Amino acid sequence: MNATLSHISAARFWDAFGSIDVPARSLSISSALRPPLAASLELVGNLGIFPNNEDIHVLVSKQADRRSFRNLSCHSCDRAFPNGSFVEITPGVAVCSPELTYVQMANRLNMPQLSLFAMMLCGIYARDVNATEELFQSGPVPRVQRRRRLYPRRPVASPQSLRMFAQEIASFPGSKKALAALEFVLPRSRSPMESIAALCLTLPPRYGGYSYPRPFLNYPVYVDEAITPDVRKFNGTQPMEGALGRGSGKHVRYDEDGRPYYECDMVWPDKRLVVEYHGGPYHTGQESVHRDSLKANIFSACGYTELVLTKETVFDGAKFADFAVQLANRLGRRIRKMPDGFEAKRVELVRSLTVGYPLS
């Protein structure tokens, strides 16, 4: 390989992987970490996933292999890497595996950011850096915003694979921190904001979170006893293989045995509690309002309680505190007094996971 993407460049690749038509296959160690060539770097640029004027970060095996090109940052490491540490993405170009990239990013990100990064690797979405979609927001002055479009994908890593790799390279810089951050990682997130909302609820107060019990993300809640023929007609049927699609929680779905379920954003099964995150315009309009109301009634008939968490609430400290009290009551938790300076930490947590996050 004549260019091996690493660090923030590898992170951007895995953030977008699944939205770009790039195959990936495991590489043998001997074929990676060669000095970068200008032609290979041009191939990297053609992937179209890196911001303008941002350096491309590559990894080489020794100091003598470092090269000086415009917008190139070379990292050298002469240690032995485990098998599976590098992945070929096009002839002449490789990328550090999700697991190796995770350890590398531990040296750049703070603990909450590193947990968010791991949740992206273990999540079921990819972000396209080029394609955007318009978000129409109501208000005194209607305006149009743009955001990076999300695409469904299968996870490129798991908490288990990240842990095993970090343990295998325990002497590498960042591995200890990488292992510590996994304590807070929740797999199967469907979007960055869903991950941020979950972290704000579950991280310890020292990071600005509420230290609530960890929910399951995008978890099936079966509603057999509440599905009538009229509900089936309104919602339609969707096959099991569509479970990775965005917005799947809006409709009743059916598993391979024909059992109906909703795939819900956050679920505490033992408490029969569901939190749905509403972050965009998908829950407005007469039909969407009717569908959300119908779903709430179905949950109630099955003994589940549904709470709704909005993007506005996540960013508003007072509203989020009110939501946290409501959630604590439903979880049967005593509402604890937060330590001095907690609100400042919560504000900093949200800031660091949004505008302060290098992959935003």
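Numbers here are sequence positions counted from 1. As the structure is a computational prediction, the values presented were derived from the model and not from experiment.
With rounding to the nearest 0.5 angstrom, the OG1 atom of Thr305 is 4.5 Å from the CZ atom of Arg330. Interatomic distance, CG of Leu309 versus NZ of Lys311, reported as 12.5 Å (0.5 Å rounding). Distance check, rounded to the nearest 0.5 Å: CE of Met105 to NZ of Lys177 gives 10.0 Å. Atom CG in Leu100 sits 11.5 Å away from atom OG in Ser175 (nearest 0.5 Å). Here CZ of Arg188 is found 4.0 Å from CD1 of Ile124. Values are rounded to the nearest 0.5 Å. Atom-to-atom distance recorded for Thr4:OG1 and His75:NE2 is 12.0 Å, nearest 0.5 angstrom.
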Given Gln113 and Ser352, is the side chain to side chain donor-acceptor pair (under 3.5 Å) satisfied, shown in steps? CA-CA 7 Å; Gln113 289 174 335; Ser352 71; 4.6 Å; no
Step by step, work out the ring pair (Phe, Tyr, Trp, His ring centres under 6.0 Å) result for Phe299 and Tyr262. CA-CA 9 Å; Phe299 283 151; Tyr262 283 102; 5.4 Å; yes
Apply side chain to side chain donor-acceptor pair (under 3.5 Å) to residues Asp255 and Tyr222 and explain how you reach the verdict. CA-CA 10 Å; Asp255 67 13; Tyr222 282 87; 3.0 Å; yes
Let's go through Phe172 and Phe81 carefully: what are the C-alpha distance in whole Å and the side-chain angles of both, what is the deciding distance for ring pair (Phe, Tyr, Trp, His ring centres under 6.0 Å) to 0.1 Å, and is it a yes or a no? CA-CA 10 Å; Phe172 279 52; Phe81 289 90; 5.5 Å; yes
Run the numbers on Ser171 and Arg79 for side chain to side chain donor-acceptor pair (under 3.5 Å), then give the verdict. CA-CA 10 Å; Ser171 63; Arg79 304 192 188 200; 3.3 Å; yes
Would you please test Val44 and Phe50 for side-chain contact (heavy atoms from CB on, under 4.5 Å) and show each step? CA-CA 9 Å; Val44 170; Phe50 303 108; 3.4 Å; yes
Stepwise, does the side-chain contact (heavy atoms from CB on, under 4.5 Å) test hold for Glu54 with Arg12? CA-CA 11 Å; Glu54 180 178 273; Arg12 291 198 185 282; 2.8 Å; yes
Verdict with supporting geometry, Val275 and Tyr277, side-chain contact (heavy atoms from CB on, under 4.5 Å): CA-CA 6 Å; Val275 169; Tyr277 174 74; 5.8 Å; no
Just do the side-chain contact (heavy atoms from CB on, under 4.5 Å) check on Lys319 and Thr310 with the steps written out, would you? CA-CA 10 Å; Lys319 291 181 179 179; Thr310 67; over 6 Å; no
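Under the 4.5 Å side-chain heavy-atom criterion for Ile, Leu, Val, Met, Phe, Trp and Tyr, Val274 and Val325 are members of distinct hydrophobic clusters. The hydrophobic clustering, which links ILVMFWY residues whose side-chain heavy atoms are closer than 4.5 Å, places Leu307 and Leu331 together. If you chain together hydrophobic residues whose side chains sit under 4.5 Å apart, Tyr212 and Met193 fall into the same group. When hydrophobic clusters are built by joining Ile, Leu, Val, Met, Phe, Trp and Tyr residues whose side-chain heavy atoms come closer than 4.5 Å, directly or via intermediates, Met164 is not grouped with Phe86. When hydrophobic clusters are built by joining Ile, Leu, Val, Met, Phe, Trp and Tyr residues whose side-chain heavy atoms come closer than 4.5 Å, directly or via intermediates, Leu217 is grouped together with Leu327.
Aromatic ring orientation, Phe184 versus Tyr207: perpendicular (interplanar angle above 60°, classes split at 30° and 60°). Between Phe13 and Phe17, the ring planes lie tilted relative to each other; the angle falls in the 30° to 60° range.
Heavy-atom contacts from other residues, nucleotides or ligands closer than 6.0 Å to CG of Asp270 number more than 12. By the 6.0 Å contact criterion, CZ on Phe216 is open, its count of non-hydrogen atoms from other residues, nucleotides or ligands being 12 or less. In the displayed structure, Glu343 atom CD is contacted under 6.0 Å by more than 12 heavy atoms of other residues, nucleotides or ligands. Shown here is Glu312, whose CD atom has no more than 12 heavy atoms of other residues, nucleotides or ligands within 6.0 Å.
Ser115 places a side-chain N or O within donor-acceptor distance of the main-chain N or O of Ala181, the cut-off being under 3.5 Å. With hydrogens and angles disregarded, a donor-acceptor distance shorter than 3.5 Å links the side chain of Asp316 to the backbone of Ala318. A donor-acceptor contact shorter than 3.5 Å links the side chain of Thr101 to the backbone of Cys96.
The two residues Trp268 and Pro213 have their closest heavy-atom pair at NE1-O, 2.9 Å. Closest approach of Ala197 to Met266, counting heavy atoms only: CB-CE, 3.8 Å. For the residue pair Gln104 and Leu59, the shortest heavy atom distance occurs at NE2-CD2, 4.1 Å. Taking every heavy atom of both residues into account, Ala11 and Met120 meet most closely at O-CE, 4.1 Å. The two residues Tyr102 and Ala118 have their closest heavy-atom pair at CE1-CB, 3.6 Å. Taking every heavy atom of both residues into account, Ala10 and Leu5 meet most closely at CB-O, 3.8 Å.
A 4.5 Å side-chain heavy-atom check between Pro159 and Cys122 finds at least one atom pair inside the cut-off. Within the 4.5 Å cutoff, side-chain heavy atoms of Pro260 are placed close to those of Asp224. For the pair Pro112/Leu203, a side-chain contact is recorded, criterion being any heavy-atom separation below 4.5 Å from C-beta on. Counting only heavy atoms from C-beta outward, the side chains of Ile335 and Asn329 approach each other to under 4.5 Å. Side-chain contact check for Glu276 versus Cys264: some heavy-atom pair is nearer than 4.5 Å. Between Thr313 and Phe320, the closest side-chain pair of non-hydrogen atoms falls below 4.5 Å. In this structure, Ser76 and Lys62 have side chains that are not in contact, with every pair of non-hydrogen atoms separated by 4.5 Å or more. Two residues are said to be in side-chain contact when any heavy atoms from C-beta on lie closer than 4.5 Å; Ser73 and His7 fail this criterion.
Aromatic ring centres of Tyr210 and Phe342 lie closer together than 6.0 Å.
With Tyr125 as the fixed residue, the side-chain contact (heavy atoms from CB on, under 4.5 Å) test singles out one of Pro155, Pro152, Pro192: Pro192. Checked options Val185, Ile196, Leu114; the residue passing with Met119 is Val185 (criterion: side-chain contact (heavy atoms from CB on, under 4.5 Å)).
Lys345 and Glu348 are not joined by a salt bridge, as no carboxylate oxygen comes within less than 4.0 angstrom of a charged side-chain nitrogen. A salt bridge links Asp15 to Arg127: one of the charged nitrogens lies within less than 4.0 Å of a carboxylate oxygen.
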